Amino acid sequence: MKRVLKFAACLAFAPFFLLSCEEQEPITDEINTLEVTPSDPISFLASGNTAVTLTVTTDAESWDFTAPAWIEATQEENTLSVNAKDNTEASRVGRIEFIAGNAEPVTVTVMQEEGSGSQGGNKGGASIVDTANEGPDVELSVEYTSLDAIADATAEVKVVLKEAVAEEVTVTLGYDAAYLNEFKLTHDDMECELFPEAALKFSSNTLTVPAGQTESTPVTVTMDMDAEGVASMVTYLVPVYVESAEGAEVASDDSRVNYLVKRSLKKEVKNVVYFEVNDTNPMNAIEYLLEDGTPFFDAVILFAGNINYNSTDDLVYLSNNPNVTALLENSETYLQPLRKKGIKVYLGLLGNHDAAGLAQLSDWGAQQFAAEVAAAVLEYKIDGVNLDDEYSSYPDLDNPWFTSPSAAAGSRLCYELRKAFDKTVPWETEVSVFQYGRIYSLTVVDGVEPGEFVDFWVANYGGSTSPAAGMSYKQCSYLSIECNLGGGLYSATEERARSAKESGYGWCMWFAFDPSGSGSIRSNYSSSFNAMSNTARGLYDMELLTPTGVWHKIGEGQYDPERHPFGN
């Protein structure tokens, strides 16, 4: 896989000054610092609390704070004394936000137990529960293959008494829109949105426990996942709670069932994009959405890390240039947002003009290198690797690290990577291959077929792959497109995509897509977007939405963490 051509560009910037009759503060790009200690969540009893002192450290001239009315806070120089007013109601959660100059705000979560006047004092009371799940938080998912066939999400809730009572118990359910903020505070700022109330229905708002019994008949909760305002790949909170109760008390901890619902398109064919990270910010992948909100790209390959050999120390090792290093070491900024959107992130592996190659390691050498790569996958929280066997020189066969270049050696490395990932990484990982060089073919390793240790492989530009031993077409690409130089670009038609889906293929590959032009190559957005739109129609019967944002690369080892309006 050839790297795209590079062109250097220079930009000149001229300083400017603002003049006025008053002395101006000097213009500076420096960001203020702000630290609050301790910053862990603070927990208070319902009453009888002792104040907690927080220390504020900043280089700004002053600092300030905001807090809910039930929190008592006194500011003195660099400290804030925090306490909670006595509570006679349900438990409560809030935040204190600290600000100073242009520093990033700091927040401290404050929680307080319910008071004696709340319904939580009745240990023999009632609770509402989901009939199929334990606990207050219930996850529901809806998969679909067509916009015309998005099913509802359904669940059942019931009232349970700890002991039978002499009189009938009646509980009325409601939708607590005001609970979203508290839910986020108590769930580590989970990314979720409020489900539209208009899209929620109860078969009955009332639950009744007859006298002498301990459970009500369940009622059905129906969530219209095709309603206006509901998008795919978004987690929605449906906060069901006890609005009123007669005949029994409902403890605050037992008064809620929080449904977390998400719909997702079940793609029969997925899209993987190789980003030339020397030129392109991989955050651009999140801007390309189908009309239902599903990301067009299912996987991103960071092209590329390198396999290298240090002859002085006689060591094969994983080497990353400044651009790859910047992305990995800032994984929370540039990679985890992709994963949260459901886009997997793989590190590309590529030869680097020395004796270390992806298809010329000995069995022992493959084990050692695979262990190092697995450690990197774990450290940087990514989903696996992609192998591209290019740019390696012939090895010294007397060195125990190496063996003769061959498909068998390349397959061995894939096999050892699969084993190392399974041993080291607790989440699902994948090994994928670019069909090139010595790993143009895949072979059986220790009696294990490649379909068991290679998750998918993609072809060279304009081509397609066919199943190796133990593989299905779901692990193969029907087309590979080089976005910058145009290889295969005009083969990305709606008709070919439909045919590929009918034939059972699982992947389409895109290489060197760059919608920003902020690196050393010009934007190839226009031609690429047209091909992607054709593909979206053929694979999913959906339009590809025009992007509204773009992400830039701003220098060697530097990426802009801010989203810009598309075209800027």
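Every value quoted in this text rests on a predicted model; they were computed, and no experiment measured them.
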Checklist entry - Near D188 CG, under 6.0 Å, is it more than 12 heavy atoms from other residues, nucleotides or ligands? => result no

Next on the checklist: My understanding is that only residues two or more places apart in sequence, or in another chain, count here; which of them pass side-chain contact (heavy atoms from CB on, under 4.5 Å) with V52?
Outcome noted: I42, F44, L54

Checklist entry - Would a distance-only check, ignoring hydrogens and angles, find a side-chain to backbone donor-acceptor pair under 3.5 Å from N534 to A531? => result no

Item to check | From T170 atom OG1 to E246 atom CD, the distance as rounded to the nearest 0.5 Å | outcome: 6.0 Å

Checklist entry - More than 12 heavy atoms of other residues, nucleotides or ligands under 6.0 Å from CD of Q75: is that the case? => result yes

Checklist entry - Within a reach of under 6.0 Å around CD of E191, are more than 12 heavy atoms found that belong to other residues, nucleotides or ligands? => result no

Next on the checklist: When you measure from the side chain of Y559 to the backbone of P282, do you find a donor-acceptor pair of N or O atoms at a distance under 3.5 Å?
Outcome noted: no

Checklist entry - About how many Å separate CG of L161 and OG of S127, when rounded to the nearest 0.5 Å? => result 8.0 Å

Item to check | Short side-chain to backbone donor-acceptor contact, R263 and M225, under 3.5 Å | outcome: yes

Checklist entry - So, do D226 and Y144 sit near enough that their side-chain heavy atoms are less than 4.5 Å apart? => result no

Checklist entry - When you look at E494 and R498, which way does the salt bridge (charged side-chain N to carboxylate O under 4.0 Å, His left out) test go after all the steps? => result CA-CA 6 Å; E494 181 177 339; R498 290 189 187 281; 3.0 Å; yes

Next on the checklist: Can you classify the ring geometry of W63 versus F65 as parallel (below 30°), tilted (30 to 60°) or perpendicular (above 60°)?
Outcome noted: tilted

Next on the checklist: When you measure from the side chain of Q475 to the backbone of S472, do you find a donor-acceptor pair of N or O atoms at a distance under 3.5 Å?
Outcome noted: yes

Checklist entry - Looking at residues at least two apart in the chain, or sitting in another chain, which of them share a salt bridge (Lys or Arg N to Asp or Glu O under 4.0 Å) with D176? => result R256

Determine all donor-acceptor pairs shorter than 3.5 Å in which one atom belongs to a side chain in residues 193-203; sequence neighbours excluded.
residue, atom, partner, partner atom, Å
S203, OG, T220, N, 2.8

Item to check | Pairwise side-chain contact, Y259 with L237, heavy-atom cut-off 4.5 Å (strictly under) | outcome: no

Next on the checklist: Is it true that, when you exclude E72 itself, more than 12 heavy atoms of the residues, nucleotides or ligands shown sit nearer than 6.0 Å to its CD?
Outcome noted: yes

Checklist entry - Can you find a pair of side-chain heavy atoms, one from W510 and one from M532, that are under 4.5 Å apart? => result yes

Checklist entry - Do any N or O atoms from the side chain of N271 and from the backbone of A536 form a donor-acceptor pair under 3.5 angstrom? => result no

Checklist entry - Excluding sequence neighbours, so at least two apart, what forms side-chain contact (heavy atoms from CB on, under 4.5 Å) with S39? => result none

Item to check | Listed partners of N32 passing side-chain contact (heavy atoms from CB on, under 4.5 Å), at least two apart | outcome: D59, A60, N102, A103

Checklist entry - Can you find a heavy atom in the side chain of L347 that is under 4.5 Å from one in the side chain of V324? => result yes

Checklist entry - Y274 side chain to M509 main-chain N or O, any donor-acceptor pair under 3.5 Å? => result no

Item to check | Beyond-backbone contact of L328 with L302, side-chain heavy atoms, under 4.5 angstrom | outcome: yes

Checklist entry - side chain to side chain donor-acceptor pair (under 3.5 Å) with K553: which of N323, N278, D560? => result N323

Pairs of donor and acceptor atoms involving the side chains of residues 338-346, under 3.5 Å and at least two apart or interchain, shall be tabulated with distances.
residue, atom, partner, partner atom, Å
R339, NE, K381, O, 3.4
R339, NE, D383, OD1, 3.4
R339, NE, D383, OD2, 3.0
R339, NH1, Q336, OE1, 2.9
R339, NH1, K381, O, 2.9
R339, NH2, D383, OD1, 3.0
K344, NZ, E428, OE2, 2.7
Y346, OH, E430, OE1, 2.3

Item to check | N330 (side chain) donor-acceptor with T333 (main chain) under 3.5 angstrom | outcome: no

Next on the checklist: Any heavy-atom pair between the side chains of V209 and T214 that's under 4.5 Å?
Outcome noted: no

Checklist entry - Any chance the side chains of T280 and D514 put a donor and an acceptor closer than 3.5 Å? => result yes

Checklist entry - Does D455 have any salt bridge (Lys or Arg N to Asp or Glu O under 4.0 Å) partners at least two apart in sequence or in another chain, and if so, which? => result R418

Item to check | Listed partners of Y525 passing ring pair (Phe, Tyr, Trp, His ring centres under 6.0 Å), at least two apart | outcome: F529, F566

Item to check | Atom pair OG1/CG of T186 and N181 - distance to nearest 0.5 Å | outcome: 9.5 Å

Checklist entry - Would you say the side-chain atoms of N49 pair up with the backbone N or O of N83, donor to acceptor, closer than 3.5 Å? => result no

Item to check | Backbone of L290 reached by a side-chain donor or acceptor of T294 within 3.5 Å | outcome: no

Checklist entry - When the ring planes of Y505 and Y473 are compared, do they come out parallel, tilted or perpendicular, using 30° and 60° as the limits? => result perpendicular

Next on the checklist: So, using ring pair (Phe, Tyr, Trp, His ring centres under 6.0 Å) as the criterion, who are the partners of Y540 when residues are at least two apart?
Outcome noted: none

Checklist entry - Are a donor atom and an acceptor atom from the side chains of N386 and S432 found within less than 3.5 Å of each other? => result yes

Next on the checklist: Quick one, K501 with E268, criterion salt bridge (charged side-chain N to carboxylate O under 4.0 Å, His left out). Give me CA distance, side-chain angles, the key distance, then yes/no.
Outcome noted: CA-CA 7 Å; K501 182 170 66 171; E268 296 179 38; 5.3 Å; no

Next on the checklist: Consider ring pair (Phe, Tyr, Trp, His ring centres under 6.0 Å). Of F511, F275, F513, which one does F303 pass it with?
Outcome noted: F511

Checklist entry - Rounded to the nearest 0.5 Å, how far does NE2 of H564 lie from OG1 of T548? => result 13.5 Å

Item to check | By side-chain contact (heavy atoms from CB on, under 4.5 Å) - contacts of I71 (at least two apart) | outcome: A67, P68, V82, I96, V110

Item to check | Donor-acceptor side-chain pairing of H187 and N258 below 3.5 angstrom | outcome: no

Checklist outcome for this item: Hits for salt bridge (Lys or Arg N to Asp or Glu O under 4.0 Å) against E291, two or more places apart or cross-chain, chain-then-number order -> none

Checklist outcome for this item: Distance col, row L544:CG vs R537:CZ, nearest 0.5 angstrom, shows 8.5 Å

Next on the checklist: Taking the side chain as everything from C-beta on, heavy atoms only, tell me whether T33 gets closer than 4.5 Å to T57.
Outcome noted: no

Next on the checklist: Once salt bridge (Lys or Arg N to Asp or Glu O under 4.0 Å) is applied, do any residues pair with D298, and if so which ones, sequence neighbours excluded?
Outcome noted: K267

Item to check | Check: Q112 side chain, K85 main-chain N or O, donor-acceptor pair, under 3.5 Å | outcome: yes

Checklist entry - With side chains defined as the heavy atoms from C-beta onward, is the minimum distance between D541 and L147 less than 4.5 Å? => result no

Next on the checklist: The test is side-chain hydrogen bond (donor to acceptor under 3.5 Å, both in side chains); show your working for S232 and D292 and say whether it passes.
Outcome noted: CA-CA 6 Å; S232 297; D292 70 332; 3.0 Å; yes

